[in-house]
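In what follows, chains are A, B, ... by sequence order, proteins preceding strands, each numbered from 1.
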There are 2 protein chains.
Amino acid sequence: MRVSDKHQKIIQAAITVFARKGFFNARISDIAKEAQVADGTIYLYFNNKFDILISLFEDEIGKLILQIKQLLEKEEDPRRMLELFAIHHLQLLKNKRELAEVLQMELRQSNKFMKEYRNTKFIEYVDIISAIIRKGQAQGLFRKEVLPGVAKRAFFGALDEMSRLWVLSPEPGYTIEEAASQVSDLFLSGMLSESGRSEAAQPTALSA
Amino acid sequence: MRVSDKHQKIIQAAITVFARKGFFNARISDIAKEAQVADGTIYLYFNNKFDILISLFEDEIGKLILQIKQLLEKEEDPRRMLELFAIHHLQLLKNKRELAEVLQMELRQSNKFMKEYRNTKFIEYVDIISAIIRKGQAQGLFRKEVLPGVAKRAFFGALDEMSRLWVLSPEPGYTIEEAASQVSDLFLSGMLSESGRSEAAQPTALSA
DNA sequence: AACAGATATGAATGCTCATTCATTTTTGGC
DNA sequence: GCCAAAAATGAATGAGCATTCATATCTGTT
């Protein structure tokens with residue numbers, strides 16, 4: 001078995017175990033058993049437990065970035081690109097549910113307890129959204145007042161919170177495609193109806 | 001010292017310690033020291049470490065719900081209500097930063113490792129958003145196609161992801177008020193410019 | 001088929017806490 | 001000020017588990 005095979009095998013096992021029990025409740029021996037490997041073997045490929053989690057992030061988010069970039073290459077319309085991003089992000093739940101669960105639960109707090117680790121891959125992933133927004137603004141399709149750096153986070157946060165629906169409850173009453181469509185529609189068109197939009201004196205400070 | 005005082009004192013200490021180290025890295029003795037209490041005393045008020053976290057959620061989210069409901073009572077316009085919710089939610093970062101950090105980091109995964117615990121207070125909190133959306137739809141201000149159950153999650157997720165900006169990086173380049181305004185504006189008006197909105201044949205499947 | 005280096009094994013080690021409970025201190029009624 | 005009940009203390013216990021390392025197995029080269 002080539003070295004990289006065992007590395008991969010352990011990462012995949014870790015995804016399964018972390019998804020099931022969470023990082024802190026997972027034991028190294030759980031991962032070893034899942035990977036059909038001795039406990040000590042894991043330390044030939046990783047420095048420690050944290051290192052497994054970090055490698056997992058880097059490897060798997062890296063793959064996601066490649067996939068989504070490839071998908072977006074073929075598309076020109078920024079509106080459609082945003083929807084494609086949403087669909088692709090949420091489909092992770094179908095295609096790689098355990099990975100989705102781990103990213104959902106552990107990515108967040110990784111910054112907290114692993115002070116020195118800056119998750120550059122994750123930033124790269126979210127920056128795909130702001131790139132789309134800037135493209136839309138350059139084409140005059142999107143409003144100039146929208147701050148891409150803020151909107152990217154809001155859009156990602158909305159998607160990610162939708163993910164949680166499926167991660168935590170098996171049957172939330174919406175399909176993944178419906179949710180993706182709703183979220184990108186919300187961000188593109190907003191919630192206002194024609195009447196809400198055209199109503200004379202803005203009673204809010206929102207347009208500031 | 002009344003019983004409830006010590007209960008509160010321990011909860012406040014736990015917020016500080018969990019904010020600093022995260023739930024799993026926090027030691028009971030850390031909380032005890034912070035609360036100026038013996039380790040054993042904590043077990044007179046809580047069953048175990050999880051119980052502290054759960055009580056913390058219940059108590060503090062309960063307070064938030066009361067505050068925000070009181071704030072919204074005085075407001076009639078659903079557009080403004082949404083913005084108020086956003087401002088109030090993000091202001092938690094200013095007023096109770098440690099609590100914001102704990103909710104941000106620990107609330108999420110609580111469902112994961114505490115199987116039996118359903119965070120009903122949290123659900124109640126998020127449902128304030130869907131109530132606002134329904135109100136806006138009833139008044140004809142918001143589009144009927146928007147699903148309140150989906151939109152509430154998207155809106156909350158967007159806000160919460162914005163929170164993370166401040167929790168993780170001290171100086172993200174936006175003020176809390178700007179961010180709140182941007183997020184509610186995004187959800188209300190969307191990203192499309194007039195030209196993007198009026199452009200003839202919808203090239204996307206979003207309006208489905 | 002013998003050997004060396006590379007890989008893999010898993011039992012043993014040692015540390016870190018959550019939790020307990022025998023003991024001490026505080027409280028308030030008389 | 002005395003006493004019993006209530007609260008509080010913190011040292012001791014023991015379970016859990018990441019990591020190590022002496023030993024074993026495998027691989028491929030001559």
Side-chain angles (χ1 to χ4, degrees), chain A residues 1-59 102 105-106 109-110 112-117, chain B residues 1-59 102 105-106 109-110 112-117:
Chain A
M1 180 176 269
R2 284 178 301 109
V3 157
S4 64
D5 284 349
K6 200 151 275 189
H7 184 93
Q8 255 305 299
K9 210 175 169 193
I10 293 170
I11 293 229
Q12 290 308 317
I15 291 173
T16 299
V17 174
F18 290 159
R20 186 157 57 228
K21 321 178 82 168
F23 176 78
F24 284 105
N25 291 313
R27 282 173 281 130
I28 290 289
S29 59
D30 293 334
I31 298 173
K33 185 187 272 186
E34 182 74 32
Q36 293 170 289
V37 134
D39 292 18
T41 304
I42 289 185
Y43 289 87
L44 300 175
Y45 294 90
F46 300 92
N47 297 324
N48 51 45
K49 206 179 158 188
F50 284 157
D51 191 34
I52 302 175
L53 189 63
I54 291 174
S55 302
L56 186 163
F57 288 156
E58 300 281 322
D59 289 11
V102 174
M105 298 292 169
E106 314 295 344
Q109 52 166 217
S110 64
K112 191 85 186 177
F113 59 75
M114 288 149 28
K115 291 298 183 188
E116 74 301 342
Y117 172 56
Chain B
M1 179 177 269
R2 284 179 299 107
V3 158
S4 64
D5 283 350
K6 200 150 276 189
H7 184 93
Q8 254 306 298
K9 209 175 168 194
I10 294 170
I11 293 228
Q12 290 308 317
I15 291 173
T16 298
V17 174
F18 290 160
R20 185 158 55 229
K21 321 177 81 166
F23 177 79
F24 283 106
N25 291 314
R27 282 173 281 131
I28 290 289
S29 59
D30 293 334
I31 298 172
K33 184 186 274 185
E34 182 74 30
Q36 291 171 290
V37 135
D39 292 18
T41 304
I42 289 184
Y43 289 87
L44 300 175
Y45 294 90
F46 301 92
N47 297 324
N48 52 45
K49 205 178 159 188
F50 284 157
D51 191 32
I52 302 176
L53 189 63
I54 291 175
S55 302
L56 185 164
F57 287 156
E58 300 281 323
D59 290 11
V102 174
M105 297 293 169
E106 313 296 343
Q109 54 167 211
S110 65
K112 192 82 187 182
F113 59 76
M114 289 148 27
K115 290 298 186 191
E116 74 299 347
Y117 172 57

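One interatomic measurement links the two molecules: CZ of A:Arg27 to P of D:dT19, which rounds to 15 Å at whole-angstrom precision. Rounded to whole Å, the distance from OH on B:Tyr45 to C1' on C:dT20 is 17 Å. Here D:dT20 presents its C1' atom at 18 Å from CZ of A:Phe46, a figure rounded to the nearest Å. Between A:Ile28 atom CD1 and C:dG10 atom C1' there is a gap of 14 Å when expressed in whole angstrom units. Computed from coordinates, the A:Lys33 NZ to C:dG10 P distance equals 12 Å when rounded to whole Å. Across the protein-nucleic acid pair, A:Leu44 atom CG and C:dA8 atom C1' stand 7 Å apart, rounded to whole Å. The distance from atom CD1 of A:Ile42 to atom P of C:dT7 is 17 Å, rounded to the nearest whole Å. Protein atom CD1 of B:Ile10 is 13 Å distant from nucleotide atom P of D:dA7, rounded to whole Å.
Between B:Lys6 and D:dA8 there is a side-chain N or O to OP1 or OP2 distance below 4.0 Å.
The side chain of B:Lys49 approaches C:dA18 more closely than any other nucleotide in the set C:dT9, C:dA18, D:dA18. Minimum atom distance to the side chain of A:Tyr43 is reached by D:dA18, of the listed D:dA18, C:dA18, D:dA8. Of the candidates D:dA8, C:dG10, C:dT19, C:dG10 carries the atom nearest the A:Asp39 side chain, counting heavy atoms from C-beta on.
Electrostatic pairing of A:Glu34 and A:Arg20 counts as a salt bridge here, judged by a charged N lying under 4.0 Å from a carboxylate O.
Heavy-atom neighbours of A:Lys21 NZ from other residues, nucleotides or ligands within 6.0 Å: above the threshold of 12.
A side-chain donor-acceptor contact under 3.5 Å links B:Ser55 to the backbone of B:Asp51.
Each of A:Thr41 and A:Ala26 was matched to the nucleotide of DNA chain D holding its nearest heavy atom; the match closer to the 5' end belongs to A:Ala26.
Under the 3.5 Å distance criterion, with hydrogens and angles disregarded, a donor-acceptor pair is assigned to the side chains of A:Tyr117 and A:Glu58.
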